[in-house]
There are 2 protein chains.
Amino acid sequence: MPPVPVKGVGTKTAPRRAGRPPRALLGHAQITRAALRLVTRDGYKALTMSGLAKSLNVAPSALYNHVSSKQDVLLLVEDALMGRVDVSAFTERPWEEAVRLWAHSYRDVFSAHLPLIPVIALLPVTNAPQTITMYEAVTDGFLRAGWPQERIINAIVALESFVFGSAYDVNAPGDIFATGELEDAAPHFTAAVARRGNPAGHNDADAAFALGLDAMVAGLAATLASATR
Amino acid sequence: MPPVPVKGVGTKTAPRRAGRPPRALLGHAQITRAALRLVTRDGYKALTMSGLAKSLNVAPSALYNHVSSKQDVLLLVEDALMGRVDVSAFTERPWEEAVRLWAHSYRDVFSAHLPLIPVIALLPVTNAPQTITMYEAVTDGFLRAGWPQERIINAIVALESFVFGSAYDVNAPGDIFATGELEDAAPHFTAAVARRGNPAGHNDADAAFALGLDAMVAGLAATLASATR
DNA sequence: ACCTGAACACCGTTCAAGT
DNA sequence: ACCTGAACACCGTTCAAGT
(Lines give C-alpha, C1' and ligand atoms only; values in the text may rest on other atoms or scores of the structure.)
Protein backbone atom coordinates (compact mmCIF):
# COMPACT_ATOMS: atom_id res chain seq x y z
CA MET A 1 0.00 0.00 0.00
CA PRO A 2 1.53 3.33 -0.99
CA PRO A 3 1.77 5.93 1.74
CA VAL A 4 -1.23 8.24 1.93
CA PRO A 5 0.05 11.79 1.58
CA VAL A 6 -0.80 13.89 4.58
CA LYS A 7 -2.64 16.97 3.53
CA GLY A 8 -0.44 20.01 3.28
CA VAL A 9 2.67 18.32 4.59
CA GLY A 10 5.46 17.13 2.34
CA THR A 11 3.41 17.65 -0.79
CA LYS A 12 3.77 21.39 -1.26
CA THR A 13 4.26 22.40 -4.85
CA ALA A 14 5.56 25.84 -3.93
CA PRO A 15 7.59 25.43 -0.75
CA ARG A 16 8.88 29.00 -0.72
CA ARG A 17 5.36 30.32 -0.27
CA ALA A 18 4.41 28.36 2.83
CA GLY A 19 2.89 30.31 5.69
CA ARG A 20 1.49 33.15 3.61
CA PRO A 21 -1.59 34.86 5.05
CA PRO A 22 -4.69 33.75 3.12
CA ARG A 23 -5.20 36.95 1.19
CA ALA A 24 -5.84 37.10 -2.55
CA LEU A 25 -2.96 38.65 -4.46
CA LEU A 26 -3.82 42.18 -5.42
CA GLY A 27 -3.97 42.99 -9.10
CA HIS A 28 -6.14 44.68 -11.69
CA ALA A 29 -8.42 41.67 -11.96
CA GLN A 30 -9.03 41.48 -8.19
CA ILE A 31 -9.56 45.22 -7.88
CA THR A 32 -11.99 45.24 -10.80
CA ARG A 33 -13.98 42.33 -9.40
CA ALA A 34 -14.18 43.89 -5.94
CA ALA A 35 -15.19 47.30 -7.32
CA LEU A 36 -17.89 45.75 -9.47
CA ARG A 37 -19.23 43.74 -6.54
CA LEU A 38 -19.26 46.84 -4.32
CA VAL A 39 -21.04 48.97 -6.90
CA THR A 40 -23.59 46.31 -7.77
CA ARG A 41 -24.49 45.77 -4.13
CA ASP A 42 -24.28 49.30 -2.68
CA GLY A 43 -24.07 51.75 -5.57
CA TYR A 44 -21.45 54.28 -6.60
CA LYS A 45 -21.50 56.27 -3.38
CA ALA A 46 -20.08 53.16 -1.73
CA LEU A 47 -17.22 52.98 -4.20
CA THR A 48 -14.57 54.82 -2.20
CA MET A 49 -10.92 53.94 -2.07
CA SER A 50 -11.20 52.98 1.59
CA GLY A 51 -14.39 50.97 1.01
CA LEU A 52 -12.74 49.17 -1.87
CA ALA A 53 -9.63 48.52 0.22
CA LYS A 54 -11.70 47.16 3.09
CA SER A 55 -13.51 44.75 0.77
CA LEU A 56 -10.08 43.45 -0.24
CA ASN A 57 -8.78 43.26 3.37
CA VAL A 58 -6.08 45.76 2.61
CA ALA A 59 -5.13 49.30 3.63
CA PRO A 60 -6.33 52.07 1.30
CA SER A 61 -2.78 53.08 0.49
CA ALA A 62 -2.06 49.57 -0.77
CA LEU A 63 -4.33 50.19 -3.74
CA TYR A 64 -1.91 52.83 -5.03
CA ASN A 65 0.65 50.13 -5.75
CA HIS A 66 -1.68 48.94 -8.52
CA VAL A 67 -3.64 51.97 -9.68
CA SER A 68 -2.55 55.57 -9.77
CA SER A 69 -5.90 57.15 -8.90
CA LYS A 70 -9.59 56.51 -8.38
CA GLN A 71 -10.11 57.44 -12.04
CA ASP A 72 -7.97 54.40 -12.82
CA VAL A 73 -10.37 52.20 -10.86
CA LEU A 74 -13.35 53.68 -12.71
CA LEU A 75 -11.63 52.98 -16.02
CA LEU A 76 -11.11 49.35 -15.00
CA VAL A 77 -14.80 49.01 -14.13
CA GLU A 78 -15.87 50.76 -17.32
CA ASP A 79 -13.82 48.45 -19.48
CA ALA A 80 -15.16 45.38 -17.71
CA LEU A 81 -18.73 46.54 -18.32
CA MET A 82 -18.01 47.28 -21.96
CA GLY A 83 -17.50 43.54 -22.36
CA ARG A 84 -21.18 43.09 -21.51
CA VAL A 85 -22.39 45.24 -24.40
CA ASP A 86 -23.84 42.92 -27.01
CA VAL A 87 -22.34 43.46 -30.47
CA SER A 88 -23.22 40.02 -31.81
CA ALA A 89 -26.00 41.39 -34.02
CA PHE A 90 -23.43 43.07 -36.27
CA THR A 91 -22.37 39.68 -37.62
CA GLU A 92 -25.83 38.17 -37.75
CA ARG A 93 -28.35 40.85 -38.65
CA PRO A 94 -28.84 43.64 -41.18
CA TRP A 95 -27.28 46.97 -40.26
CA GLU A 96 -30.41 48.81 -39.06
CA GLU A 97 -31.48 46.03 -36.74
CA ALA A 98 -27.93 45.45 -35.52
CA VAL A 99 -27.51 49.11 -34.60
CA ARG A 100 -30.78 49.08 -32.71
CA LEU A 101 -29.87 45.96 -30.73
CA TRP A 102 -26.39 47.26 -29.95
CA ALA A 103 -27.72 50.65 -28.83
CA HIS A 104 -30.30 49.02 -26.58
CA SER A 105 -27.73 46.78 -24.97
CA TYR A 106 -25.28 49.68 -24.56
CA ARG A 107 -27.94 51.83 -22.87
CA ASP A 108 -29.10 49.03 -20.61
CA VAL A 109 -25.60 48.26 -19.37
CA PHE A 110 -24.68 51.85 -18.50
CA SER A 111 -28.04 53.07 -17.24
CA ALA A 112 -27.06 51.25 -14.05
CA HIS A 113 -23.61 52.90 -14.07
CA LEU A 114 -24.20 56.60 -14.71
CA PRO A 115 -20.99 57.78 -13.01
CA LEU A 116 -19.05 55.94 -15.71
CA ILE A 117 -20.53 57.95 -18.55
CA PRO A 118 -18.08 60.86 -18.18
CA VAL A 119 -15.33 58.26 -18.03
CA ILE A 120 -16.35 56.70 -21.36
CA ALA A 121 -17.05 60.04 -22.98
CA LEU A 122 -13.87 61.82 -21.91
CA LEU A 123 -11.10 59.26 -21.36
CA PRO A 124 -8.93 57.82 -24.16
CA VAL A 125 -9.61 54.18 -24.99
CA THR A 126 -5.92 53.41 -24.78
CA ASN A 127 -5.43 50.48 -22.41
CA ALA A 128 -9.16 49.70 -22.36
CA PRO A 129 -9.07 46.47 -24.35
CA GLN A 130 -12.72 45.47 -24.08
CA THR A 131 -13.78 48.96 -25.10
CA ILE A 132 -11.56 48.81 -28.17
CA THR A 133 -12.93 45.37 -28.96
CA MET A 134 -16.46 46.73 -28.92
CA TYR A 135 -15.58 49.60 -31.25
CA GLU A 136 -13.85 47.17 -33.60
CA ALA A 137 -16.95 44.98 -33.86
CA VAL A 138 -19.19 47.99 -34.48
CA THR A 139 -16.85 49.52 -37.05
CA ASP A 140 -16.67 46.16 -38.81
CA GLY A 141 -20.45 46.00 -38.94
CA PHE A 142 -20.65 49.47 -40.46
CA LEU A 143 -18.02 48.61 -43.07
CA ARG A 144 -19.83 45.45 -44.15
CA ALA A 145 -23.04 47.48 -44.48
CA GLY A 146 -21.25 49.63 -47.02
CA TRP A 147 -20.44 52.69 -44.93
CA PRO A 148 -17.59 54.82 -46.21
CA GLN A 149 -14.64 54.77 -43.82
CA GLU A 150 -14.61 58.54 -43.28
CA ARG A 151 -18.16 58.70 -41.90
CA ILE A 152 -18.14 55.71 -39.57
CA ILE A 153 -16.61 57.29 -36.46
CA ASN A 154 -18.91 60.30 -36.64
CA ALA A 155 -21.93 58.02 -36.93
CA ILE A 156 -20.79 55.90 -33.99
CA VAL A 157 -20.14 58.99 -31.87
CA ALA A 158 -23.57 60.39 -32.70
CA LEU A 159 -25.31 57.14 -31.75
CA GLU A 160 -23.21 56.87 -28.62
CA SER A 161 -24.07 60.42 -27.56
CA PHE A 162 -27.74 59.54 -27.82
CA VAL A 163 -27.17 56.34 -25.86
CA PHE A 164 -25.42 58.21 -23.01
CA GLY A 165 -28.15 60.81 -22.70
CA SER A 166 -30.78 58.10 -22.79
CA ALA A 167 -29.00 56.18 -20.05
CA TYR A 168 -29.51 59.19 -17.78
CA ASP A 169 -33.16 59.39 -18.77
CA VAL A 170 -33.73 55.80 -17.62
CA ASN A 171 -33.00 57.03 -14.10
CA ALA A 172 -35.19 60.14 -14.24
CA PRO A 173 -37.96 60.20 -11.63
CA GLY A 174 -41.53 59.90 -12.89
CA ASP A 175 -42.32 63.45 -11.85
CA ILE A 176 -39.32 65.07 -13.54
CA PHE A 177 -41.64 67.23 -15.66
CA ALA A 178 -44.02 68.21 -12.87
CA THR A 179 -44.40 71.98 -13.16
CA GLY A 180 -45.93 72.43 -9.70
CA GLU A 181 -46.85 75.99 -8.84
CA LEU A 182 -45.53 77.23 -12.17
CA GLU A 183 -48.11 75.29 -14.13
CA ASP A 184 -49.93 78.44 -15.25
CA ALA A 185 -46.79 79.80 -16.87
CA ALA A 186 -46.43 76.73 -19.10
CA PRO A 187 -49.87 75.56 -20.23
CA HIS A 188 -48.82 73.82 -23.45
CA PHE A 189 -45.92 72.01 -21.82
CA THR A 190 -48.03 70.93 -18.84
CA ALA A 191 -50.74 69.61 -21.16
CA ALA A 192 -48.24 67.72 -23.29
CA VAL A 193 -46.74 66.12 -20.18
CA ALA A 194 -50.19 65.08 -19.00
CA ARG A 195 -51.04 63.57 -22.37
CA ARG A 196 -47.74 61.83 -22.95
CA GLY A 197 -48.70 58.53 -24.52
CA ASN A 198 -46.54 55.45 -24.82
CA PRO A 199 -46.83 52.27 -26.88
CA ALA A 200 -47.84 49.15 -24.98
CA GLY A 201 -45.09 47.75 -22.76
CA HIS A 202 -43.04 50.94 -22.90
CA ASN A 203 -42.34 53.20 -19.96
CA ASP A 204 -41.52 56.88 -20.59
CA ALA A 205 -37.80 56.34 -21.00
CA ASP A 206 -38.22 53.35 -23.32
CA ALA A 207 -40.70 55.22 -25.50
CA ALA A 208 -38.46 58.25 -25.91
CA PHE A 209 -35.45 56.03 -26.58
CA ALA A 210 -37.28 54.00 -29.23
CA LEU A 211 -38.58 57.13 -30.93
CA GLY A 212 -35.17 58.80 -31.05
CA LEU A 213 -33.31 55.65 -32.02
CA ASP A 214 -35.71 54.83 -34.85
CA ALA A 215 -35.44 58.41 -36.10
CA MET A 216 -31.65 58.53 -35.97
CA VAL A 217 -31.16 55.09 -37.54
CA ALA A 218 -33.60 55.90 -40.34
CA GLY A 219 -31.94 59.26 -40.87
CA LEU A 220 -28.46 57.71 -40.95
CA ALA A 221 -29.62 55.03 -43.36
CA ALA A 222 -31.01 57.70 -45.66
CA THR A 223 -27.73 59.61 -45.43
CA LEU A 224 -25.86 56.44 -46.38
CA ALA A 225 -28.18 55.67 -49.30
CA SER A 226 -27.66 59.11 -50.81
CA ALA A 227 -23.91 59.03 -50.23
CA THR A 228 -23.35 55.68 -51.91
CA ARG A 229 -25.81 56.18 -54.74
CA MET B 1 -23.98 129.98 3.21
CA PRO B 2 -25.89 126.81 3.99
CA PRO B 3 -24.15 124.33 6.22
CA VAL B 4 -22.20 121.72 4.32
CA PRO B 5 -23.52 118.33 5.37
CA VAL B 6 -20.85 116.24 6.97
CA LYS B 7 -20.57 112.95 5.18
CA GLY B 8 -22.46 110.19 6.95
CA VAL B 9 -23.71 112.37 9.76
CA GLY B 10 -27.20 113.83 9.93
CA THR B 11 -28.07 112.83 6.36
CA LYS B 12 -28.76 109.12 6.78
CA THR B 13 -31.72 107.89 4.76
CA ALA B 14 -32.01 104.69 6.76
CA PRO B 15 -31.00 105.55 10.30
CA ARG B 16 -31.78 102.10 11.74
CA ARG B 17 -29.22 100.52 9.44
CA ALA B 18 -26.26 102.69 10.31
CA GLY B 19 -23.03 100.92 11.02
CA ARG B 20 -23.85 97.79 9.02
CA PRO B 21 -20.87 96.07 7.44
CA PRO B 22 -20.95 96.65 3.67
CA ARG B 23 -22.05 93.16 2.67
CA ALA B 24 -24.65 92.36 0.01
CA LEU B 25 -27.79 90.79 1.39
CA LEU B 26 -27.71 87.05 0.83
CA GLY B 27 -30.42 85.51 -1.34
CA HIS B 28 -30.93 83.14 -4.25
CA ALA B 29 -30.01 85.84 -6.77
CA GLN B 30 -26.72 86.68 -5.03
CA ILE B 31 -25.81 83.03 -4.54
CA THR B 32 -26.57 82.22 -8.16
CA ARG B 33 -24.51 85.13 -9.45
CA ALA B 34 -21.56 84.27 -7.22
CA ALA B 35 -21.67 80.59 -8.18
CA LEU B 36 -21.80 81.42 -11.86
CA ARG B 37 -18.89 83.82 -11.55
CA LEU B 38 -16.86 81.23 -9.63
CA VAL B 39 -17.56 78.48 -12.15
CA THR B 40 -16.89 80.67 -15.18
CA ARG B 41 -13.57 81.83 -13.80
CA ASP B 42 -12.24 78.68 -12.08
CA GLY B 43 -14.38 75.73 -13.18
CA TYR B 44 -16.56 73.32 -11.26
CA LYS B 45 -13.83 71.98 -9.00
CA ALA B 46 -13.73 75.49 -7.51
CA LEU B 47 -17.46 75.45 -6.80
CA THR B 48 -17.37 74.30 -3.18
CA MET B 49 -19.62 75.52 -0.43
CA SER B 50 -16.68 77.13 1.35
CA GLY B 51 -15.35 78.70 -1.85
CA LEU B 52 -18.77 80.05 -2.65
CA ALA B 53 -19.14 81.38 0.89
CA LYS B 54 -15.75 83.06 0.72
CA SER B 55 -16.65 84.80 -2.53
CA LEU B 56 -19.69 86.19 -0.71
CA ASN B 57 -17.69 87.19 2.41
CA VAL B 58 -19.73 84.86 4.54
CA ALA B 59 -19.20 81.69 6.58
CA PRO B 60 -20.00 78.42 4.78
CA SER B 61 -22.74 77.63 7.27
CA ALA B 62 -24.51 80.88 6.38
CA LEU B 63 -25.36 79.47 2.97
CA TYR B 64 -27.60 76.88 4.58
CA ASN B 65 -30.01 79.62 5.62
CA HIS B 66 -30.84 80.01 1.93
CA VAL B 67 -30.24 76.65 0.29
CA SER B 68 -30.64 73.21 1.79
CA SER B 69 -27.74 71.53 0.01
CA LYS B 70 -25.12 71.91 -2.68
CA GLN B 71 -27.56 70.25 -5.08
CA ASP B 72 -29.77 73.26 -4.50
CA VAL B 73 -26.97 75.56 -5.60
CA LEU B 74 -26.41 73.47 -8.72
CA LEU B 75 -30.11 73.69 -9.52
CA LEU B 76 -30.00 77.49 -9.22
CA VAL B 77 -27.06 77.63 -11.62
CA GLU B 78 -28.71 75.21 -14.02
CA ASP B 79 -31.88 77.24 -14.16
CA ALA B 80 -29.96 80.46 -14.74
CA LEU B 81 -28.10 78.86 -17.65
CA MET B 82 -31.31 77.50 -19.13
CA GLY B 83 -32.27 81.12 -19.70
CA ARG B 84 -29.37 81.39 -22.13
CA VAL B 85 -30.66 78.61 -24.39
CA ASP B 86 -32.01 80.24 -27.54
CA VAL B 87 -35.57 79.19 -28.32
CA SER B 88 -36.39 82.20 -30.47
CA ALA B 89 -36.26 80.19 -33.70
CA PHE B 90 -39.44 78.34 -32.73
CA THR B 91 -41.46 81.49 -33.38
CA GLU B 92 -39.53 82.63 -36.43
CA ARG B 93 -38.44 79.60 -38.40
CA PRO B 94 -39.84 76.35 -39.77
CA TRP B 95 -39.77 73.41 -37.37
CA GLU B 96 -36.73 71.57 -38.72
CA GLU B 97 -34.53 74.63 -38.70
CA ALA B 98 -35.84 75.75 -35.31
CA VAL B 99 -35.04 72.39 -33.74
CA ARG B 100 -31.54 72.47 -35.15
CA LEU B 101 -30.86 76.00 -33.87
CA TRP B 102 -32.30 75.19 -30.44
CA ALA B 103 -30.27 71.98 -30.15
CA HIS B 104 -27.07 73.77 -31.12
CA SER B 105 -27.64 76.51 -28.58
CA TYR B 106 -28.56 73.98 -25.87
CA ARG B 107 -25.41 71.95 -26.51
CA ASP B 108 -23.20 75.02 -26.60
CA VAL B 109 -24.49 76.33 -23.28
CA PHE B 110 -24.04 73.07 -21.36
CA SER B 111 -20.85 71.82 -22.99
CA ALA B 112 -19.16 74.31 -20.66
CA HIS B 113 -21.16 73.01 -17.67
CA LEU B 114 -20.95 69.23 -17.81
CA PRO B 115 -21.52 68.69 -14.06
CA LEU B 116 -24.99 70.15 -14.52
CA ILE B 117 -26.09 67.49 -16.99
CA PRO B 118 -27.05 64.96 -14.31
CA VAL B 119 -28.90 67.79 -12.58
CA ILE B 120 -30.98 68.57 -15.67
CA ALA B 121 -31.52 64.94 -16.55
CA LEU B 122 -32.48 63.70 -13.09
CA LEU B 123 -34.03 66.57 -11.09
CA PRO B 124 -37.67 67.64 -11.35
CA VAL B 125 -38.25 70.97 -13.09
CA THR B 126 -40.45 72.11 -10.21
CA ASN B 127 -39.16 75.47 -8.98
CA ALA B 128 -36.91 75.90 -12.01
CA PRO B 129 -38.81 78.66 -13.78
CA GLN B 130 -36.42 79.36 -16.64
CA THR B 131 -36.22 75.64 -17.39
CA ILE B 132 -39.99 75.42 -17.54
CA THR B 133 -40.09 78.50 -19.75
CA MET B 134 -37.73 76.84 -22.20
CA TYR B 135 -39.82 73.67 -22.36
CA GLU B 136 -42.95 75.76 -22.91
CA ALA B 137 -41.43 77.54 -25.89
CA VAL B 138 -40.22 74.28 -27.41
CA THR B 139 -43.55 72.52 -26.85
CA ASP B 140 -45.34 75.46 -28.41
CA GLY B 141 -43.10 75.25 -31.45
CA PHE B 142 -43.84 71.55 -31.85
CA LEU B 143 -47.59 72.14 -31.54
CA ARG B 144 -47.58 74.85 -34.18
CA ALA B 145 -45.66 72.51 -36.49
CA GLY B 146 -48.54 70.07 -36.23
CA TRP B 147 -47.13 67.58 -33.74
CA PRO B 148 -49.72 65.49 -31.89
CA GLN B 149 -49.70 66.29 -28.17
CA GLU B 150 -48.93 62.70 -27.10
CA ARG B 151 -45.64 62.49 -29.00
CA ILE B 152 -44.11 65.86 -28.15
CA ILE B 153 -42.51 65.05 -24.80
CA ASN B 154 -40.93 61.86 -26.12
CA ALA B 155 -39.51 63.76 -29.08
CA ILE B 156 -38.11 66.49 -26.83
CA VAL B 157 -36.59 63.94 -24.46
CA ALA B 158 -34.97 62.11 -27.37
CA LEU B 159 -33.45 65.30 -28.76
CA GLU B 160 -32.34 66.37 -25.30
CA SER B 161 -30.65 63.03 -24.67
CA PHE B 162 -28.65 63.48 -27.85
CA VAL B 163 -27.78 67.04 -26.83
CA PHE B 164 -26.48 65.92 -23.42
CA GLY B 165 -24.31 63.18 -24.84
CA SER B 166 -23.00 65.57 -27.48
CA ALA B 167 -22.15 68.15 -24.82
CA TYR B 168 -19.79 65.59 -23.28
CA ASP B 169 -18.28 64.88 -26.66
CA VAL B 170 -17.37 68.55 -27.11
CA ASN B 171 -14.96 68.08 -24.19
CA ALA B 172 -13.43 64.81 -25.38
CA PRO B 173 -9.67 65.01 -25.96
CA GLY B 174 -8.45 64.74 -29.53
CA ASP B 175 -6.81 61.38 -28.87
CA ILE B 176 -9.84 59.75 -27.25
CA PHE B 177 -9.85 57.00 -29.89
CA ALA B 178 -6.11 56.37 -29.89
CA THR B 179 -5.74 52.59 -29.62
CA GLY B 180 -2.06 52.70 -28.66
CA GLU B 181 -0.49 49.27 -28.17
CA LEU B 182 -3.78 47.55 -28.90
CA GLU B 183 -3.87 48.83 -32.46
CA ASP B 184 -3.32 45.36 -33.93
CA ALA B 185 -6.41 44.01 -32.20
CA ALA B 186 -8.65 46.62 -33.85
CA PRO B 187 -7.48 47.23 -37.42
CA HIS B 188 -10.80 48.40 -38.87
CA PHE B 189 -11.51 50.75 -35.99
CA THR B 190 -7.98 52.19 -36.05
CA ALA B 191 -8.22 52.77 -39.80
CA ALA B 192 -11.63 54.45 -39.50
CA VAL B 193 -10.29 56.75 -36.78
CA ALA B 194 -7.30 57.67 -38.95
CA ARG B 195 -9.55 58.40 -41.92
CA ARG B 196 -12.21 60.32 -40.04
CA GLY B 197 -13.13 63.15 -42.36
CA ASN B 198 -15.01 66.31 -41.45
CA PRO B 199 -16.72 68.99 -43.52
CA ALA B 200 -14.92 72.31 -43.78
CA GLY B 201 -15.02 74.35 -40.56
CA HIS B 202 -16.12 71.39 -38.43
CA ASN B 203 -14.05 69.81 -35.70
CA ASP B 204 -14.71 66.19 -34.73
CA ALA B 205 -17.41 66.99 -32.19
CA ASP B 206 -19.23 69.41 -34.47
CA ALA B 207 -19.20 66.93 -37.36
CA ALA B 208 -20.63 64.10 -35.26
CA PHE B 209 -23.23 66.43 -33.77
CA ALA B 210 -24.33 67.73 -37.17
CA LEU B 211 -24.56 64.22 -38.59
CA GLY B 212 -26.62 62.88 -35.70
CA LEU B 213 -28.81 65.95 -35.44
CA ASP B 214 -29.60 65.98 -39.16
CA ALA B 215 -30.41 62.28 -39.02
CA MET B 216 -32.66 62.54 -35.97
CA VAL B 217 -34.49 65.64 -37.19
CA ALA B 218 -35.07 64.08 -40.61
CA GLY B 219 -36.23 60.84 -38.99
CA LEU B 220 -38.59 62.66 -36.63
CA ALA B 221 -40.00 64.72 -39.49
CA ALA B 222 -40.68 61.52 -41.43
CA THR B 223 -42.35 60.03 -38.38
CA LEU B 224 -44.55 63.11 -38.11
CA ALA B 225 -45.45 63.08 -41.80
CA SER B 226 -46.62 59.47 -41.66
CA ALA B 227 -48.52 60.02 -38.39
CA THR B 228 -50.49 63.03 -39.63
CA ARG B 229 -51.11 61.73 -43.12
C1' DA C 1 -34.10 86.03 10.88
C1' DC C 2 -29.67 85.33 9.89
C1' DC C 3 -24.86 84.89 11.04
C1' DT C 4 -20.35 82.81 13.26
C1' DG C 5 -17.24 79.31 14.84
C1' DA C 6 -16.42 74.86 16.06
C1' DA C 7 -17.15 70.31 15.23
C1' DC C 8 -18.37 65.92 12.71
C1' DA C 9 -17.86 62.33 9.51
C1' DC C 10 -16.06 61.75 5.77
C1' DC C 11 -13.04 62.08 1.05
C1' DG C 12 -8.51 60.90 -2.17
C1' DT C 13 -3.73 60.78 -1.85
C1' DT C 14 1.17 60.78 -0.03
C1' DC C 15 4.96 58.91 2.31
C1' DA C 16 8.13 57.12 5.75
C1' DA C 17 8.71 52.86 7.76
C1' DG C 18 8.50 48.12 7.71
C1' DT C 19 8.85 42.97 5.55
C1' DA D 1 7.87 44.50 -4.55
C1' DC D 2 4.28 45.43 -1.82
C1' DC D 3 2.19 46.50 2.49
C1' DT D 4 0.87 49.42 6.94
C1' DG D 5 -0.17 53.43 9.62
C1' DA D 6 -0.16 58.09 10.12
C1' DA D 7 -0.77 62.30 8.19
C1' DC D 8 -2.39 65.97 4.88
C1' DA D 9 -5.51 68.90 2.68
C1' DC D 10 -9.59 68.91 1.76
C1' DC D 11 -15.12 67.95 1.35
C1' DG D 12 -20.54 68.92 2.73
C1' DT D 13 -23.25 69.56 6.61
C1' DT D 14 -24.89 70.37 11.51
C1' DC D 15 -25.60 73.00 15.50
C1' DA D 16 -25.09 75.71 19.67
C1' DA D 17 -24.26 80.32 20.48
C1' DG D 18 -24.64 84.92 19.41
C1' DT D 19 -27.06 89.58 17.38
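Residue numbers start from 1 in every chain, and the chains themselves are labelled A, B, ... in the order their sequence lines are given, proteins ahead of strands. Owing to the predicted nature of the structure, the values given are computational and were not obtained by experimental measurement. Scope of the values below: all heavy atoms of this structure, side chains included, with no hydrogens, waters or symmetry mates.
Using a cut-off of 4.0 Å between Lys/Arg side-chain N and Asp/Glu carboxylate O, Asp206(B) and Arg107(B) are scored as salt-bridged.
By the salt bridge (Lys or Arg N to Asp or Glu O under 4.0 Å) test, Arg196(B) is found to be paired with Asp204(B), residues two or more places apart in sequence or in another chain being considered. Applying the ring pair (Phe, Tyr, Trp, His ring centres under 6.0 Å) test to Tyr64(A) and every residue at least two apart in sequence or in another chain returns nothing.
Whole-Å rounding puts the Asn65(A) CG to dA16(C) P distance at 14 Å. Between the C1' atom of dC10(C) and the NZ atom of Lys54(A) lies a distance of 13 Å, rounded to the nearest Å. Rounded to whole Å, atom P of dC3(D) lies 10 Å from atom CG of Leu56(A).
Applying the side chain to side chain donor-acceptor pair (under 3.5 Å) test to pairs two or more places apart or on separate chains, none has a residue in residues 119-130 of chain B.
In this pair, Phe189(A) and Tyr135(B) present their aromatic rings parallel. The plane angle is below 30°, not in the 30 to 60° band. Note: His113(A) and Phe110(A) have perpendicular aromatic rings, judged against thresholds of 30 and 60 degrees for the angle between ring planes.
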Dump every N/O contact between nucleotides 11-14 of chain D and the protein below 3.5 Å, one line per pair.
from    : atom 1 : to       : atom 2 : distance (Å)
dG12(D) : OP1    : Lys70(B) : NZ     : 3.1
dG12(D) : OP2    : Met49(B) : N      : 3.0
dT13(D) : OP2    : Tyr64(B) : OH     : 2.7
dT13(D) : OP2    : Lys70(B) : N      : 2.9
dT13(D) : O5'    : Tyr64(B) : OH     : 3.3

Let me have the donor-acceptor pairs involving side chains of residues 165-187 of chain B, under 3.5 Å, with sequence neighbours excluded, atom names and distances please.
from      : atom 1 : to        : atom 2 : distance (Å)
Ser166(B) : OG     : Phe162(B) : O      : 2.8
Tyr168(B) : OH     : Tyr168(A) : OH     : 2.7
Thr179(B) : OG1    : Thr190(B) : OG1    : 3.3

5'-to-3' dot-bracket of DNA chain D (Watson-Crick, G-U; under 3.5 angstrom; crossing pairs as [ ]; | other strand): ||.|||||...|||||.||
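Side chain to side chain, Asn203(A) and Asn198(A) fail the donor-acceptor criterion of an N or O pair below 3.5 Å.
Considering only side-chain N and O atoms, His66(A) lies under 4.0 angstrom from the phosphate OP1 or OP2 of dC3(D).
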